[in-house]
Amino acid sequence: LSGASTVSYGKPLISGGEIFLMATQNNYELRLASNNSVTVGIPTTMTSPMSNMNEFYAREINDTADFTPVDTTQFIPIINYNQAYYYSFPISQLNWINCDYFYALGGQQTSINATVPSQFNDLNCQVFLSFNGQQSAANCYHYDTALHQYTPGSYYTLPIGMSVTFVAIAEINGQFYSAFQSTTIGVNHNEVLNLTQTTQTQINQQLNSLQ
């Protein structure tokens with residue numbers, strides 16, 4: 001819901017953890033002094049942690065975060081502390097910070113759209129893609145007023161046959177609506193979303209059940 005979905009240059013990321021760091025003083029936002037850094041440890045429950053995790057910083061595009069790798073050739077070291085595994089790395093700037101690796105997508109690629117009923121639009125509704133079985137999500141931030149369609153970007157594609165869940169969350173006059181539709185990506189995929197009345201508690205429960 002923050003808009004900081006796991007995407008880098010239009011490509012999906014698999015996340016090991018995402019954090020937001022900010023410091024303020026007297027209502028002014030601060031930044032780290034030059035040549036200073038903060039060491040962060042992202043915990044993982046994996047018994048065989050990934051060796052190709054990398055550090056990503058957020059940059060804003062169309063009111064959503066797109067992540068830039070710090071160094072694609074430098075993997076984050078893994079350390080063992082108190083019988084728990086951590087991805088440990090220094091950060092040199094404050095904002096959204098992601099511990100990720102690029103999702104290796106194979107096979108024939110296709111475009112993605114999601115169509116919503118006419119009462120929903122980019123002022124009262126947000127649409128996301130969740131990748132089933134993976135810690136990865138994409139914000140469908142582009143809305144076509146004439147077609148009532150959302151897309152994750154004009155250059156964003158996914159493999160045909162991939163298993164995903166389309167998530168739509170809306171609020172109109174204090175009433176929540178949502179759709180959680182699991183599907184398999186087809187050629188020129190257009191998912192017609194059926195949003196129904198719901199509560200914030202039910203939305204949170206469904207969000208927690210994703211992956």
Side-chain angles (χ1 to χ4, degrees), residues 1-106 112 122 126-131 133-142 151-158 164 167 169 204 207-208 210-211:
L1 297 179
S2 65
S5 52
T6 51
V7 176
S8 178
Y9 295 104
K11 298 179 180 179
L13 300 170
I14 302 297
S15 182
E18 185 175 2
I19 59 175
F20 178 79
L21 287 178
M22 182 177 69
T24 61
Q25 185 178 42
N26 298 326
N27 296 321
Y28 287 97
E29 188 172 338
L30 305 179
R31 63 185 180 185
L32 288 175
S34 300
N35 301 319
N36 281 299
S37 65
V38 176
T39 299
V40 173
I42 302 292
T44 176
T45 57
M46 297 178 66
T47 55
S48 297
M50 303 298 298
S51 62
N52 59 343
M53 285 291 185
N54 202 351
E55 180 183 359
F56 289 76
Y57 289 128
R59 59 195 182 105
E60 187 173 303
I61 299 178
N62 298 318
D63 297 324
T64 188
D66 186 276
F67 285 90
T68 303
V70 174
D71 184 348
T72 56
T73 64
Q74 181 179 359
F75 297 148
I76 295 171
I78 300 170
I79 62 173
N80 190 307
Y81 178 72
N82 281 348
Q83 308 302 313
Y85 285 100
Y86 290 80
Y87 299 109
S88 181
F89 54 97
I91 61 171
S92 58
Q93 56 183 279
L94 304 180
N95 201 320
W96 284 103
I97 299 134
N98 227 332
C99 175
D100 297 73
Y101 62 93
F102 280 102
Y103 197 170
L105 300 176
I112 310 296
D122 58 343
Q126 284 192 304
V127 177
F128 304 88
L129 269 172
S130 176
F131 302 99
Q134 301 289 349
Q135 293 188 147
S136 184
N139 186 352
C140 300
Y141 62 86
H142 183 267
T151 68
S154 56
Y155 298 104
Y156 192 97
T157 60
L158 290 177
V164 302
V167 177
I169 300 173
N204 290 339
L207 289 173
N208 289 332
L210 291 175
Q211 289 183 30

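Numbers for residues simply follow the sequence, beginning at 1.
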Exercise. Taking only residues two or more places apart in sequence, or in another chain, which ones meet Thr151 in a side-chain contact (heavy atoms from CB on, under 4.5 Å)?
Worked result: Asn113, His142
Gap separating the [atom1] atom of [X] from the [atom2] atom of [Y], nearest 0.5 angstrom:
X: Asn54; Y: Asp100; atom1: CG; atom2: CG; value: 8.5 Å
X: Tyr156; Y: Cys140; atom1: OH; atom2: SG; value: 8.0 Å
X: Ser92; Y: Ile97; atom1: OG; atom2: CD1; value: 8.5 Å
X: Trp96; Y: Tyr57; atom1: CH2; atom2: OH; value: 15.0 Å
X: Gln93; Y: Arg31; atom1: CD; atom2: CZ; value: 11.0 Å
X: Phe131; Y: Tyr103; atom1: CZ; atom2: OH; value: 7.5 Å

Side-chain ([X]) to main-chain ([Y]) donor-acceptor, under 3.5 angstrom:
X: Thr24; Y: Glu29; answer: no
X: Glu55; Y: Val70; answer: no
X: Asn36; Y: Leu32; answer: no

[X] vs [Y] side-chain heavy atoms within contact, under 4.5 Å:
X: Met22; Y: Leu94; value: no
X: Leu210; Y: Val167; value: yes
X: Leu129; Y: Ile112; value: yes
X: Leu21; Y: Ile91; value: yes
X: Ser88; Y: Thr39; value: yes
X: Ser15; Y: Asn98; value: yes
X: Gln126; Y: Ile169; value: no

Exercise. Should Ser130 and Val164 be marked as a side chain to side chain contact (heavy atoms under 4.5 Å, CB included) after you check the CA-CA gap, both sets of side-chain angles, and the distance that decides it?
Worked result: CA-CA 6 Å; Ser130 176; Val164 302; over 6 Å; no
For this session: Show your working on side chain to side chain contact (heavy atoms under 4.5 Å, CB included) between Glu18 and Phe67 and close with a plain yes or no.
Result: CA-CA 11 Å; Glu18 185 175 2; Phe67 285 90; 3.3 Å; yes
Problem set entry | Within residues 26-56 or reaching into it, pairs that qualify as ring pair (Phe, Tyr, Trp, His ring centres under 6.0 Å) - sequence neighbours excluded | Phe56-Phe102
Problem set entry | Partners passing side chain to side chain donor-acceptor pair (under 3.5 Å) against Thr44 (at least two apart in sequence or in another chain) | none
Problem set entry | Heavy-atom closest contact (Tyr141 atom, Pro152 atom, distance) | CE2-O, 3.5 Å
Problem set entry | Where Leu13 and Ser136 come nearest, the two heavy atoms and their spacing | O-OG, 2.5 Å
